[in-house]
Amino acid sequence: MDIALFYSKLAAVGLIIALGFLLAKLKIISAETNKHLIDILLTVAWPCAIFIAFPQQFDPTTFHRFLTGLIGGTLVLLAMIFVSHLLFNKKLLKTSLATEGRFAFVFNNASFLGYPLVMTMFGPSALMPYCGFILVFNIALFSYGVFLFKRRLDAELIKGIIINPNIIAVFAGLIFFLFSIPMPAVINDSLSLLGAVMTPLSLLCIGYMLSQAPLVHLIHQGRLFLIALAQLILAPTLTFFILSALRIDPEIRSILVLIQALPTATSLGLFAKKYGGNTLEASELVAISTALSVITLPLLMGIFLK
């Protein structure tokens, strides 16, 4: 991908995020509004966008791109889990942040920020490998991610995987694609329109989240900065070398590197609150990672897209 084109598209994404920031400061987007927008994105817009990303006619080349994203994503996530246990253990970190550090290193903002960036930077054809990645990502998030905090397997954890609308959307889209099942035009158009709001709305939500970060206070959180920098720099670097060694298609490699260069998943704060983690520092870690990614993301992609 042309690096100048990448920066141009990244700037367009940045402008929409800045608009969300401004709307939050002007009180046009409130905390309640943002919460409802996130609910709509996760339960309606994102599943529709994922489902509609699958072509209606089976094509071996397109299916291969999906499988490459799935396999590459699986290997990358396994590597991130392994490295996170080396970096963030209670003997080295000597803090309850070991769990939050592992979660932050493995799981990034592949949903709210990942989808619009991949779509904007690489175009609709990139959504097939993205769907392959997001399938294994969501399974890992609602299994290993929950397990990190709960430290046990139970029915609730398994249920969370089965009923997750985004996992259902990937499987449904894959079935329709593999068997070339025709979709009525009115339904196809409706899903396309719903999926189209994913990119702008998710970027506005990111802007709102940035507006709520207490930046002056966060400057003094040194250890959180170290965790965030490890996630933002080491994770995409490892991804690049792992996928290069496996000779993964360069475009798909760039897509997965881009995803790994994204800030920590906003779900870290939600998981910490629900399952008894360090809620305050988890939320601060998300804010720091998101703010730092404004600098690290373009720098790293400038290096790895050459």
Side-chain angles (χ1 to χ4, degrees), residues 38 41-54 63-85 99-100 102-115 118 126-178 195 198 202 231 235 238-239 242-243 246 248 252 255-260 262-272 274-275 277:
I38 290 175
L41 286 169
L42 289 179
T43 59
V44 180
W46 196 23
C48 288
I50 289 174
F51 179 84
I52 209 67
F54 288 88
F63 183 54
H64 181 264
R65 287 172 62 79
F66 171 83
L67 290 179
T68 303
L70 176 66
I71 295 170
T74 300
L75 294 175
V76 166
L77 284 171
L78 288 174
M80 296 305 110
I81 290 172
F82 175 75
V83 173
S84 72
H85 278 261
T99 295
E100 286 76 8
R102 290 174 184 173
F103 187 102
F105 191 82
V106 175
F107 300 108
N108 49 52
N109 208 332
S111 52
F112 294 141
L113 197 49
Y115 178 90
V118 169
L127 292 180
M128 284 303 286
Y130 172 80
C131 286
F133 172 84
I134 213 64
L135 173 59
V136 66
F137 177 87
N138 274 315
I139 291 174
L141 177 64
F142 289 97
S143 56
Y144 175 74
V146 175
F147 177 77
L148 275 175
F149 288 96
K150 297 183 69 173
R151 290 296 171 183
R152 69 177 187 276
L153 295 170
D154 54 26
E156 181 185 357
L157 187 150
I158 297 172
K159 180 182 177 182
I161 299 173
I162 295 174
I163 66 173
N164 182 275
N166 302 297
I167 294 176
I168 294 172
V170 174
F171 279 114
L174 186 59
I175 291 172
F176 274 71
F177 168 65
L178 291 175
M198 177 64 191
S202 60
Q231 177 256 323
L238 288 174
T239 299
I242 291 170
L243 298 182
L246 295 173
I248 295 290
I252 297 178
I255 292 169
L256 296 183
V257 169
L258 171 63
I259 292 173
Q260 291 303 314
L262 297 175
T264 296
T266 53
S267 54
L268 170 58
L270 300 176
F271 277 38
K274 183 173 182 179
Y275 300 115

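Across every non-hydrogen atom of Gln260 and Thr239, the tightest pair is CG-OG1, 3.1 Å. Listed here is the closest heavy atom pair of Ile242 and Ala79: CD1-CB, 3.5 Å. Closest non-hydrogen pair, Leu148 versus Thr99, comes out as O-CG2, 3.5 Å. Closest non-hydrogen pair, Phe149 versus Glu100, comes out as CE2-OE2, 3.7 Å. Phe133 approaches Ala110 most closely through the heavy-atom pair CE2-CB, 4.0 Å.
Of the inter-residue distances, the one linking Leu243 atom CG with Leu238 atom CG reads 10.5 Å to the nearest 0.5 angstrom. One distance of note links OG of Ser84 with OH of Tyr144; it measures 4.0 Å at 0.5 Å rounding. One distance of note links OG1 of Thr74 with CG of Leu67; it measures 10.5 Å at 0.5 Å rounding. Taking CG of Leu141 as the start and CG of Asn166 as the end, the distance is 10.0 Å to the nearest 0.5 Å. Taken to the nearest 0.5 Å, the CD1 atom of Ile167 stands 5.0 Å off from the CD1 atom of Ile139. Considering CZ of Arg65 and CG of Leu127, their distance stands at 9.5 Å, rounded to 0.5 Å.
Using a 4.5 Å heavy-atom cutoff, the side chains of Cys131 and Ile50 are in contact.
A search for ring-ring contact (aromatic ring centres under 6.0 Å, His included) contacts involving Phe51 returns Phe176, not counting sequence neighbours. With sequence neighbours left out, the side chain to side chain contact (heavy atoms under 4.5 Å, CB included) criterion links Thr43 to no other residue. Every residue meeting the side chain to side chain contact (heavy atoms under 4.5 Å, CB included) condition with Ser202, not counting sequence neighbours, appears here in chain and number order: Leu41, Phe112, Pro116, Met198.
Aromatic ring pairs are classed by plane angle as parallel below 30°, tilted from 30° to 60° and perpendicular above 60°; the pair Phe66 and Phe63 is parallel. Between Phe137 and Phe107, the ring planes lie perpendicular to each other; the angle is over 60°, past the 30° to 60° tilted range. Using a 30° and 60° split on the angle between ring planes, Trp46 and Tyr130 fall in the tilted class, from 30° to 60°.
A distance-only check finds a donor-acceptor pair linking the side chain of Asn108 to the backbone of Ile259 [under 3.5 Å]. Here the side chain of Gln231 pairs a donor or acceptor atom with the backbone of Leu262 at under 3.5 angstrom.
The number of heavy-atom neighbours closer than 6.0 Å to NE2 of His64, taken from other residues, nucleotides and ligands shown, is 12 or below.
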